[in-house]
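Basis for what follows: all heavy atoms, side chains included, without hydrogens, waters or symmetry-related copies. Protein chains get the first letters and strands the later ones, always in sequence-line order, with residue 1 at the start of each. Everything numeric here is computed off the predicted structure, so don't read it as measured data.
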Amino acid sequence: MQFWLMKTEPDECSIDDALAAPRRITPWSGVRNYQSRNTMRDPMRVGDGVLFYHSNCAEPGIAGLAEVASGSRPDPTQFDRKGGYYDPQSKREAPRWVLVDIRALKKTRLVPIAELKAHKALANMLTLRPGNRLSITPVSGAEWRYITGKLL
DNA sequence: GCCAACGTTGGC
DNA sequence: GCCAACGTTGGC
């Protein structure tokens, strides 16, 4: 079992939105970064743990827990001409972007990024590195246990 | 709203 | 295949 941190803008899909969705499942659409796409396509497995992170908002930080609920499949929003995630270069016979389904498990207290940065045990978290812009990053087992055990 | 840092694009 | 310009991310 592996662990991931997945960013979402709460204006688009907050932990409350994800918990309110049918079967608490959210298709993680709209990722348009190759590295994050590859993470969903290759190493992610059903059942992996997910830190549900609110980004680009008034209170950025960890907002809940989730799990990977499906393998990867083509992201349908890449073919939607009218949607904001349309990719004219992606062909149906060779889709460029994929998604996985994420099942929201629970809302937690919000752990602000400043608090995460204050813990030495989390100093190596990829998402805390200056300039990091990946929307999906791996979380080590030790980091996962520290966060879920001590901070939530 | 600012802006640093990074990914992507495209001319050469 | 280099690299400058550009666009985007995302904390502050």
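- Side-chain contact between Glu12(A) and Asp17(A): absent, with no pair of heavy atoms (C-beta onward) separated by less than 4.5 Å.
- Rounded to whole angstrom, the span from the CZ atom of Arg129(A) across to the C1' atom of dT9(C) amounts to 15 Å.
- Rounded to an integer number of Å, the gap from CG of Leu116(A) to P of dG10(C) is 15 Å.
- Cation-pi check for Arg92(A) over Phe79(A) is met; the charged atom lies under 6.0 angstrom from the ring centroid and within 45 degrees of its normal.
- For Tyr53(A), a side-chain nitrogen or oxygen approaches OP1 or OP2 of dG11(C) to under 4.0 Å.
- Here the P atom of nucleotide dG11(C) and the CG atom of Asn132(A) are 9 Å apart, to the nearest Å.
- If you take CG of Leu126(A) and P of dA5(B), they are 17 Å apart, rounded to a whole angstrom.
- dT8(C) atom P lies 12 Å from atom OH of Tyr85(A), rounded to whole Å.
- Looking only at side-chain heavy atoms (C-beta outward), His54(A) and Glu59(A) stay at 4.5 Å or farther from each other.
- Within the 4.0 Å cut-off from OP1 or OP2 of dC12(C), at least one side-chain nitrogen or oxygen of Lys117(A) is found.
- One atom, CG of Asn56(A), and another, C1' of dT9(C), lie 7 Å apart when rounded to the nearest Å.
- Distances shown here put a side-chain N or O of Lys7(A) below 4.0 Å from the OP1 or OP2 atom of dG10(C).
- What separates CD of Glu12(A) from P of dG10(C) is a distance of 12 Å, to the nearest Å.
- Taking only side-chain atoms of Ile113(A), from C-beta outward, the nucleotide of dT8(B), dC12(C), dG10(C) with the closest atom is dC12(C).
- For Trp28(A) and Tyr85(A), the ring centers are positioned 6.0 Å apart or more.
- If you measure from atom CG of Leu134(A) to atom P of dT9(C), you get 12 Å, rounded to the nearest angstrom.
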